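What follows is a single structure, written as structure tokens, with notes after it.
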There are 4 protein chains.
Amino acid sequence: MNSKQSHRSEETKKAILSAAGKLFASKGYDTVSMREIAKQANCSHTTIYLYFKDKETLLHQLSMPSLTHLKQKMQAIVQLDAKMPEDKLKEISNQFIHFCLNNKNLYTIFINVKSTRIDEQKPKLEINQLRLEIFSIMKNVLGECLSLPNNDQLLAYSRIFFYNLYGILSTYSYQHEPTEELLERLIPTFELSLEILISGFKSNLKLSEEKQ
Amino acid sequence: MNSKQSHRSEETKKAILSAAGKLFASKGYDTVSMREIAKQANCSHTTIYLYFKDKETLLHQLSMPSLTHLKQKMQAIVQLDAKMPEDKLKEISNQFIHFCLNNKNLYTIFINVKSTRIDEQKPKLEINQLRLEIFSIMKNVLGECLSLPNNDQLLAYSRIFFYNLYGILSTYSYQHEPTEELLERLIPTFELSLEILISGFKSNLKLSEEKQ
Amino acid sequence: MNSKQSHRSEETKKAILSAAGKLFASKGYDTVSMREIAKQANCSHTTIYLYFKDKETLLHQLSMPSLTHLKQKMQAIVQLDAKMPEDKLKEISNQFIHFCLNNKNLYTIFINVKSTRIDEQKPKLEINQLRLEIFSIMKNVLGECLSLPNNDQLLAYSRIFFYNLYGILSTYSYQHEPTEELLERLIPTFELSLEILISGFKSNLKLSEEKQ
Amino acid sequence: MNSKQSHRSEETKKAILSAAGKLFASKGYDTVSMREIAKQANCSHTTIYLYFKDKETLLHQLSMPSLTHLKQKMQAIVQLDAKMPEDKLKEISNQFIHFCLNNKNLYTIFINVKSTRIDEQKPKLEINQLRLEIFSIMKNVLGECLSLPNNDQLLAYSRIFFYNLYGILSTYSYQHEPTEELLERLIPTFELSLEILISGFKSNLKLSEEKQ
DNA sequence: GATGAATGAGTATTCATTCAT
DNA sequence: TATGAATGAATACTCATTCAT
């Protein structure tokens, strides 16, 4: 008796999340309207408010699980002792790129720290927390690669590392090409960029050691 | 007489472009309304439609001259024989970053190739042309730096070079911090990233030469 | 068994009434939503419709008992033989003011005879009945004060007496000040107004007697 | 050429004001929607925003002229030297009642001091100013009637005087009876109430003088 | 060449209410 | 008896655009 209803409810919620996910991803958070989402989810736009307090809340409920998932994947890779640091770095970066291209909407959230209003910023904080953690994971692996402790230099290097990733993403995430094809096309350049950065870091490191 | 009228008309058009330019730059394309532009340009909002079919068209017509200006500046730098290639690269990159942060709206156009509807894609093509030229300038200077001819390897390197720039831009262009402050904060990391990339390119180059 | 069920049902109904009463009183009829009432009453919002056709009906069913209570209180005061008529009048007026400020919503109902749609005006009639009874009680006490029989002159006087009360209420019932504070501030003026009215009535009475 | 357009514009503005006036008066500010007003005014709801920044602004632009008019009428009456103070008081009170019953919407504004948000309270302040001036006019005339200087006692008396007026208004302003009929019915009671209040004030004044 | 008037489509959100269970 | 799911209508307000002049 109850189960039928609650099943339906869950279906609706999923439909909404999936619709919102697709739309946000393809058109961007701001451009998508609640009515549009509702139409795509085959329900009334008021129904959305039954499940999500807000457009923003909807976006965040949409983001958190997949970001968490990404983080876990990354951590798993990091913990594989058999792997070389550079391979780990390559792989987690790959995961990151994959993820972002598959979740174009989230990627924007992920990068935009912007406009954090003071009041009721709880959900934003959670996301921010995740961002920092993911950033931290990559920074640590980069540290391993370069045998660098967690200092300012490592911080500067990982920022540059991230710029590279973001640059790739922001260049390609608006393309309408199917993600998998896109990735295939991207990967060689992307791997090359990793190698170049790492050797760049290494020479810069040597240089700065010599100076001291 | 005709000339007087057409002169006035030119003036109005310029006023609109200038107003739109300022507003788009400071507040972003989406946030600015046609009425706002009209007010700033000291004309009626309907007048805008006399000169520009669309808000979008206005944006595109607006982008062209300023991108052209940027291109010219870059070319001028390139032609200074006195300068070392690496310094040229640093300076034109600096120009580019400056320009993009000062024209946040254009930056998005510049990067987004997106959503090309079939009809009336002419202006988009023009912009694309400029993009390619600017990209080409940087590629050439990078070629000079690395003593590389215009081959696939240089292409790959310059893509990576661009990713770095885009990454910086996409990370910071949504921040509401005043541009000048932002730049001051950014420049050290930015210059560091250039050095790292260049030495990265160089080692990678050596490596690939050794392989052959 | 039936009794157990109907008992529970009674309880729910009471809970709803009590919740609605509190909320209407503190926030006003329009501002309170059915869901809010349901939450406060610990039931689903649909349950409310089991007992009350309408939000409006709920309000009316809610008004009756508390108005009845007010009436009973007033009657009790009237029947205290020890008290002087003027003191009785003062006290019942006080009760009335208290009640109305504490039930801002009911106060509006109480005063508004308005918009009587033809269908289903029964509850409104009941309220009207009560209004008249309360009005009648005050009129009678006023009659005692002035030693006037129940004639047209007394009717006119009591209308004026009521205007004074309504005037106070309509002036202050929209203020957001906490009721008790408000009352404290109001009472001196209110008591003064009673004295003035009564002596006004008395002189007017003398005057009209002289004329005859 | 211009005149035809500007004529049309003025017509539209008038239509909106008139529609809003009627609707606010009959149903109350909160209950009336912008779309409703637009329909009544035979224009699109967006057109309203061409002429009035806000629903609130619309209300205020609607109120100011008629309140100002009321004030002027009152002042004119006050300045008639031939009239006895009591007659002046009677007449300006009459004007006030007339006005309020004819502008049921404004009357509510006039009485409700409520919810003055800090930001952009300019229009409210103007109204408040007028309220105080009108109140002040009546207070002064009352002072003349009672030969009282402008002291606390006069203040208390005029408050009571106002309660009486408000009481009448709040009792009858929701009735759907046509205003003129209503007034005819009301006037005798209203005049009686004035007489009673004045003689009440006088005896109370004597009483308080004796005490000293 | 230029503009004021006007509008339809759109925004997020809230609410009282109904329906199926 | 009771309830979760669902919805249509409504809210104030904004915007790019068009039409008549």
Side-chain angles (χ1 to χ4, degrees), chain A residues 1-13 30-38 42-56 58, chain B residues 2 4-6 8-13 30-38 43-51 53-56 58, chain C residues 4-6 8-9 11-13 30-38 43-51 53-56 58, chain D residues 1-13 30-38 42-56 58:
Chain A
M1 18 201 121
N2 226 350
S3 76
K4 214 180 211 166
Q5 261 194 346
S6 78
H7 175 66
R8 186 140 109 85
S9 156
E10 214 132 296
E11 293 259 297
T12 310
K13 189 171 182 176
D30 283 325
T31 333
V32 174
S33 80
M34 294 301 258
R35 288 182 137 88
E36 223 173 333
I37 297 170
N42 247 327
C43 70
S44 157
H45 61 282
T46 51
T47 302
I48 302 180
Y49 291 93
L50 245 49
Y51 296 97
F52 309 94
K53 184 187 155 294
D54 245 0
K55 196 184 175 187
E56 222 181 333
L58 171 54
Chain B
N2 227 346
K4 218 180 208 167
Q5 265 194 353
S6 79
R8 187 141 111 77
S9 150
E10 265 319 288
E11 294 256 299
T12 311
K13 189 171 180 179
D30 283 326
T31 335
V32 174
S33 79
M34 294 300 259
R35 287 185 134 86
E36 227 172 330
I37 297 169
C43 71
S44 158
H45 57 284
T46 49
T47 303
I48 302 181
Y49 290 92
L50 250 49
Y51 296 99
K53 182 188 159 295
D54 242 5
K55 198 185 176 189
E56 218 184 337
L58 171 54
Chain C
K4 217 178 209 166
Q5 265 195 352
S6 79
R8 186 141 112 76
S9 151
E11 295 255 301
T12 311
K13 189 170 181 178
D30 282 326
T31 335
V32 174
S33 78
M34 294 300 259
R35 287 187 134 86
E36 226 173 331
I37 297 169
C43 72
S44 158
H45 58 283
T46 48
T47 304
I48 302 181
Y49 291 92
L50 252 48
Y51 297 99
K53 181 188 159 292
D54 242 5
K55 197 185 177 189
E56 217 183 339
L58 171 55
Chain D
M1 19 201 119
N2 224 349
S3 77
K4 213 179 210 168
Q5 262 195 346
S6 78
H7 176 66
R8 186 141 110 84
S9 155
E10 214 133 295
E11 294 258 298
T12 311
K13 189 170 183 179
D30 283 324
T31 333
V32 174
S33 81
M34 294 301 258
R35 286 183 139 88
E36 222 173 333
I37 297 170
N42 248 325
C43 71
S44 157
H45 62 282
T46 50
T47 302
I48 301 181
Y49 291 94
L50 244 51
Y51 297 97
F52 308 94
K53 185 187 156 293
D54 244 1
K55 196 183 175 188
E56 222 182 334
L58 171 54

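Every heavy atom of this structure was used, including side-chain atoms; hydrogens, water molecules and symmetry mates were not. By convention in this document, chain letters (A, B, ...) are assigned in the order of the sequence lines, proteins followed by strands, and residues within each chain are numbered from 1. A quick note: this is a predicted structure, and the numbers were derived from the prediction, not measured.
Across all strands shown, F:dA12 forms a Watson-Crick or G-U wobble pair, both distances under 3.5 Å, with E:dT11. The nucleotide F:dA20 finds its pairing partner in E:dT3, both defining distances of the Watson-Crick or G-U wobble pair being shorter than 3.5 Å.
The main-chain N or O of A:S33 is found under 3.5 Å from a side-chain atom of A:E36 such that the two form a donor-acceptor pair. Put simply, the side chain of B:K55 gets close to the backbone of B:V32: a donor and an acceptor are under 3.5 Å apart. The backbone N or O of D:I48 sits nowhere less than 3.5 Å from a side-chain atom of D:K13 that would complete a donor-acceptor pair.
Positionally, the nearest nucleotide of DNA chain E for B:T12 lies more toward the 5' end than for the other of B:T12 and A:M34. Each of B:C43 and D:N42 was assigned the nucleotide of DNA chain E with the nearest heavy atom; the assignment lying further toward the 5' end belongs to B:C43. Along DNA chain F, the nucleotide closest to B:T31 and the one closest to A:R35 are compared, and the more 5′ of them pairs with A:R35.
Within 3.5 Å, no donor on the side chain of B:H45 pairs with an acceptor on the base of E:dT3, nor the reverse.
Separating the CD atom of B:E56 from the C1' atom of F:dA16 is a distance of 12 Å, rounded to the nearest angstrom. Atoms CG (A:L50) and P (F:dT3) sit 16 Å apart, rounded to a whole Å. The nearest whole Å value for the distance from the NZ atom in D:K55 to the C1' atom in F:dT11 is 9 Å. The CD atom of D:E10 sits 15 Å away from the P atom of E:dG4 (whole-angstrom rounding). In this structure, the CD1 atom of B:I48 is 9 Å from the P atom of F:dA16, given to the nearest Å. Counting to the nearest Å, the P atom of E:dT14 and the CD1 atom of C:I37 are 17 Å from each other. Taking atom CG of D:D30 as the reference point, atom P of E:dT14 lies 18 Å away to the nearest angstrom. When the P atom of F:dA16 is taken as reference, atom NZ of B:K53 falls 14 Å away, rounded to whole Å.
Phosphate proximity of E:dT14 to C:S33: absent, as no side-chain N or O sits under 4.0 Å from OP1 or OP2. For D:Y49, no side-chain nitrogen or oxygen approaches OP1 or OP2 of F:dC15 to under 4.0 Å. For A:S44 and F:dA6, the shortest distance from a side-chain N or O to OP1 or OP2 is not below 4.0 Å. A:R8 has a side-chain polar atom (N or O) that falls below the 4.0 Å cut-off from OP1 or OP2 of F:dA6. Side-chain nitrogen and oxygen atoms of B:T47 include at least one within less than 4.0 Å of the OP1 or OP2 phosphate oxygen of E:dT3.
Using a 4.0 Å heavy-atom distance criterion, A:F52 is classed as making no nucleic acid contact.
The nucleotide whose nearest atom lies closest to any side-chain atom of C:Y51 is, among F:dT1, F:dA6, F:dA12, F:dT1. The listed nucleotides are E:dT3, E:dT13, F:dA16; the one nearest the side chain of B:T46 is E:dT3. With E:dA6, E:dT13, F:dT7 as the candidates, the nucleotide lying closest to the side chain of A:D54 is E:dT13.
Considering every non-hydrogen atom in both B:S44 and B:A38, the closest pair reads C-CB, 3.6 Å.
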Inset, instruction - Go through the steps for C:D30 and D:D30 under the test side chain to side chain contact (heavy atoms under 4.5 Å, CB included), then give the verdict. - result: CA-CA 10 Å; C:D30 282 326; D:D30 283 324; over 6 Å; no
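With values rounded to the nearest 0.5 angstrom, D:S9 atom OG is found 9.5 Å from D:E11 atom CD.
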